[in-house]
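Lettering of chains follows the sequences in order, A, B, ..., and the numbering in each one begins at 1.
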Amino acid sequence: MESTELSELLAIRRQKLDAIRAAGVDPFGRGYETDGTIAEVRAKFSEGAALRAAGRITAHRDMGKSQFLDLSDATGRIQIFLHAKEIGEEAFAVFKNLDIGDFIGVEGEGFVTRTGENTIRVKSFTVLAKSLKPLPDKWHGVQDTEIKYRQRYLDLISNGDSREVFLKRIRIVREIRRFLEDRGFIEVETPMMQTIAGGAAAEPFKTHHNALGLDLYLRIAPELYLKRLLVGGFPKIFELNRNFRNEGISRRHNPEFTMLEAYWAFADFEKMADLVEEMICHLAETVCGGMKIEHKDADGNVTKTIDLTRPWKRARYADLIRGVIPDWYDLTPQLRRQRCAELGLDVSQCVADYEVTQHVFEKLVEEKTMDPLFVTHCPKELVPLAKQNAEDPSVVDVYELVINGQEISPGYSELNDPIVQRQRLEEQSGGEVQKLDNDFLEALEHGMPPAGGIGIGIDRLVMMLTGAESIRDVLFFPHMKPR
RNA sequence: GGGUUGGUAGCUCAAUGGUAGAGCAGUGCCCUUUUAAGGCAUUGGUUCUGGGUUCGAGUCCCAGCCAACCCA
């Protein structure tokens with residue numbers, strides 16, 4: 001939909017582009033030697049030091065003969081000073097055709113302005129990229145959520161808060177890898193295209209391999225392949241990458257999302273809970289600067305504070321249910337549904353009895369739990385891949401970690417009995433034999449060590465640690481309907 | 001899938017059914033240390049799309065598209 005007539009704003013930028021070319025300057029430059037990122041240049045700054053920097057012009061303060069500009073990248077901004085006497089009349093004429101948004105490289109020397117700001121006095125500059133479209137409002141940045149999500153680069157250029165969230169996400173992911181590697185876990189990669197989408201209960205995306213004439217699924221979880229690696233003798237492994245689920249999009253759901261799964265041979269769910277507790281506290285310490293995480297609204301008012309101070313609470317699923325409805329387990333299934341209706345809980349979608357209980361759990365426990373809580377001894381129907389409890393076979397040896405009203409991480413004592421595992425998977429698949437991963441079951445028959453396993457939804461973890469209210473705010477490019 | 005709210009200049013936002021406006025950005029002029037620079041002047045609109053009601057629609061009604069929030 002390129003209109004033949006450019007708006008005045010765009011036409012002027014094209015004219016400047018032509019003017020730069022007419023002056024014999026390439027408006028789209030090539031490589032440029034710098035003293036590093038803007039942050040690195042700032043670190044090297046000293047008065048009189050020779051400095052080279054490159055970045056985008058994000059502000060322009062025109063004093064006539066003196067020109068002050070901000071040069072920025074995602075690492076920071078630095079002020080530069082241009083004067084016709086320093087760069088020559090010819091270059092100054094080229095400079096007149098630059099705009100906010102353009103990339104330039106500069107060389108000069110450091111000096112401190114009267115107001116005390118470290119600044120580069122430019123001796124010469126090079127045009128590196130002319131921008132043909134204007135940037136958003138310099139003060140308000142991008143407010144329109146649609147632009148923020150569809151044109152994330154504009155959000156990143158103009159909104160410092162957004163940039164900070166993504167930099168935090170990057171540090172969190174790096175620290176998770178460092179934390180696990182420091183403890184002897186190794187990162188592995190397993191298939192994202194699978195013939196059977198196993199390891200979780202979710203609708204998969206379907207694709208097709210032409211040469212093999214084979215339907216494939218994008219993975220909904222890496223679990224069954226990671227367990228094959230336990231069988232193969234790797235005792236401490238993790239995978240931190242994308243999963244895909246063909247389900248609704250919401251504040252908490254994106255069709256592709258990042259998941260950490262880690263397996264530790266000869267450990268159990270309690271040991272995994274310790275590991276996760278230690279890891280998330282390590283992240284809060286190193287990335288957020290403390291155990292109290294404040295969530296704020298648009299005006300900057302604190303809406304809630306999540307306290308990650310150890311030790312974290314641990315409680316049994318059934319005890320938590322009794323905590324909100326004391327006589328729950330004395331009621332008949334019919335009376336339970338009736339009680340739900342009285343409490344305003346809609347359980348009409350729930351078929352099985354355990355689903356009714358789970359609905360109560362989600363609404364009355366999970367959504368109201370802000371500080372960390374390990375929920376243990378969950379009903380076995382909810383978790384087909386975990387070991388049954390030795391004393392009570394109706395529950396499994398798992399934890400579900402709830403923080404910020406959301407399930408952040410499940411951890412299991414993994415089921416390693418191939419016969420029981422086959423039964424559970426058969427029950428889960430509801431008799432659809434083709435959905436049964438026989439290759440995985442065969443691997444188990446060769447013997448899988450008892451192991452602890454965890455999963456952590458990285459996007460939700462980042463939301464919790466950064467105070468983001470929507471998953472879209474922690475994904476560079478959340479899924480949107482095409483315009 | 002259902003409900004609510006929204007979509008106006010490049011951006012941020014105004015505008016009882018009665019001449020579509022401001023700030024920033026842009027353009028021109030002034031200014032040799034500014035930093036949301038300042039001063040003076042000024043350009044810029046298919047009001048998301050398509051219908052309808054009306055003497056008259058950015059505004060009311062219907063349908064659609066996109067988004068945000070809530071519910072399922």
Side-chain angles (χ1 to χ4, degrees), chain A residues 1 3-17 19 47 56-72 76-87 92 96-102 108-122 130-160 203 247-254 297-298 303 340 344-351 355 359 362-363 367 405 468-473 478-483:
Chain A
M1 58 162 261
S3 67
T4 48
E5 229 171 282
L6 294 174
S7 76
E8 189 193 359
L9 224 51
L10 302 186
I12 289 169
R13 293 222 172 192
R14 294 294 178 106
Q15 285 162 18
K16 290 178 174 176
L17 180 76
E47 241 174 314
R56 188 191 290 276
I57 299 170
T58 50
H60 179 202
R61 293 174 289 281
D62 180 357
M63 302 288 298
K65 294 206 168 70
S66 292
Q67 304 282 329
F68 291 88
L69 298 96
D70 287 349
L71 218 54
S72 304
R77 59 160 279 277
I78 191 165
Q79 177 168 267
I80 64 171
F81 171 81
L82 269 110
H83 195 285
K85 269 189 193 157
E86 301 276 354
I87 61 174
F92 200 75
K96 285 286 190 189
N97 288 304
L98 294 183
D99 285 299
I100 290 174
D102 295 352
E109 64 172 35
F111 83 106
V112 180
T113 64
R114 202 164 58 188
T115 49
E117 176 149 359
N118 291 353
T119 303
I120 300 175
R121 187 193 310 276
V122 176
K130 183 88 191 95
S131 66
L132 300 178
K133 291 195 157 195
L135 289 181
D137 191 285
K138 67 174 175 183
W139 186 241
H140 301 94
V142 180
Q143 294 302 316
D144 187 320
T145 49
E146 215 172 328
I147 299 176
K148 276 167 75 86
Y149 299 151
R150 288 190 197 275
Q151 297 174 274
R152 179 67 84 185
Y153 46 91
L154 294 178
D155 182 39
L156 292 170
I157 292 165
S158 61
N159 296 6
E203 190 64 28
E247 291 166 358
I249 293 176
S250 79
R251 202 162 62 80
R252 298 174 179 188
H253 296 88
N254 196 62
D297 63 17
T303 50
C340 283
L345 299 175
D346 178 15
V347 292
S348 56
Q349 302 295 315
C350 302
V351 182
E355 291 175 314
H359 193 78
E362 284 171 5
K363 291 289 162 192
E367 286 186 10
E469 295 303 326
S470 168
I471 195 169
R472 294 184 185 94
D473 294 327
H479 276 279
M480 306 282 281
K481 272 198 195 180
R483 255 191 307 209

Tell me whether the side-chain N or O atoms of [X] pair up with the base of [N] as donor and acceptor below 3.5 Å, since no angle test is needed here.
X      : N     : answer
A:R114 : B:U33 : no
A:Q67  : B:U34 : no
A:D137 : B:G23 : yes

Under 4.0 Å: is that the gap between some side-chain N or O of [X] and OP1 or OP2 of [N]?
X      : N     : result
A:K148 : B:C11 : no
A:K138 : B:A36 : no
A:R251 : B:C70 : yes
A:R472 : B:A68 : yes
A:R61  : B:A37 : yes

Using the [atom1] atoms only, state how far [M] lies from [N], rounded to an integer number of Å.
N     : M     : atom1 : result
B:A22 : B:A9  : P     : 14 Å
B:G1  : B:C60 : C1'   : 29 Å
B:G51 : B:A15 : C1'   : 25 Å
B:C62 : B:A25 : C1'   : 38 Å
B:C13 : B:G6  : C1'   : 14 Å
B:C11 : B:G26 : P     : 15 Å
B:U47 : B:U59 : P     : 10 Å
B:C71 : B:G10 : P     : 36 Å

Paired nucleotide for [N] [Watson-Crick or G-U wobble; both distances under 3.5 Å]:
N     : value
B:U59 : none
B:A72 : none
B:A14 : none
B:G6  : B:C66
B:U34 : none
B:A41 : B:U27

Remember a base hit wins even if backbone is also touched, and classify [X] as base, sugar-phosphate or nothing at under 4.0 Å, heavy atoms.
X      : answer
A:Q143 : sugar-phosphate
A:G141 : sugar-phosphate
A:Y149 : sugar-phosphate
A:T113 : base
A:K16  : sugar-phosphate
A:K133 : nothing

Legend entry - Side-chain donor-acceptor contact under 3.5 Å, A:T58 with A:R77: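 Per modelled atom types, A:T58 and A:R77 side chains form no pair under 3.5 Å.
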Legend entry - Donor on one side chain, acceptor on other, A:Q79 and A:N118, under 3.5 Å: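 Short answer, no.
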Is [X] salt-bridged to [Y], cutoff N-O under 4.0 Å?
X      : Y     : result
A:R56  : A:D70 : no
A:E8   : A:R14 : no
A:K130 : A:D99 : yes

Legend entry - Check: A:R252 side chain, A:I471 main-chain N or O, donor-acceptor pair, under 3.5 Å: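 Pair absent, no side-chain N/O of A:R252 close to backbone of A:I471.
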Legend entry - Whether A:H359 side chain and A:D346 backbone form a donor-acceptor pair below 3.5 Å: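 Yes, because the side chain of A:H359 sits within donor-acceptor range (under 3.5 Å) of the backbone of A:D346.
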Looking at [options], which one has an atom nearest to any side-chain atom of [X]?
X      : options             : value
A:K481 : B:A36, B:U34, B:C66 : B:C66
A:E8   : B:U34, B:C11, B:G44 : B:G44
A:M480 : B:A36, B:A72, B:A67 : B:A67

Could you state the atom-to-atom distance from [atom1] of [X] to [atom2] of [N] in whole Å?
X      : N     : atom1 : atom2 : result
A:I249 : B:C71 : CD1   : C1'   : 17 Å
A:E362 : B:A72 : CD    : P     : 11 Å
A:N254 : B:A68 : CG    : P     : 11 Å
A:R13  : B:G10 : CZ    : C1'   : 9 Å
A:I471 : B:C69 : CD1   : C1'   : 16 Å
A:R483 : B:G7  : CZ    : P     : 16 Å
A:K363 : B:C70 : NZ    : P     : 11 Å

Inset, instruction - Apply ring pair (Phe, Tyr, Trp, His ring centres under 6.0 Å) to A:H60 and list each qualifying residue two or more places apart in sequence or on a separate chain. - result: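 Only A:F95 meet the ring pair (Phe, Tyr, Trp, His ring centres under 6.0 Å) criterion with A:H60.
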Inset, instruction - Could you point out which residue of A:K65, A:Q67, A:H83 forms a side chain to side chain contact (heavy atoms under 4.5 Å, CB included) with A:F92? - result: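 Exactly one option meets the side chain to side chain contact (heavy atoms under 4.5 Å, CB included) with A:F92, and it is A:Q67.
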Under 3.5 Å, N/O pairs linking protein and nucleotides 28-31 of chain B:
residue, atom, partner, partner atom, Å
B:C31, N4, A:G64, N, 3.2

Legend entry - For A:T145, side chain to side chain contact (heavy atoms under 4.5 Å, CB included) partners two or more places apart: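 Expected list: A:Y149.
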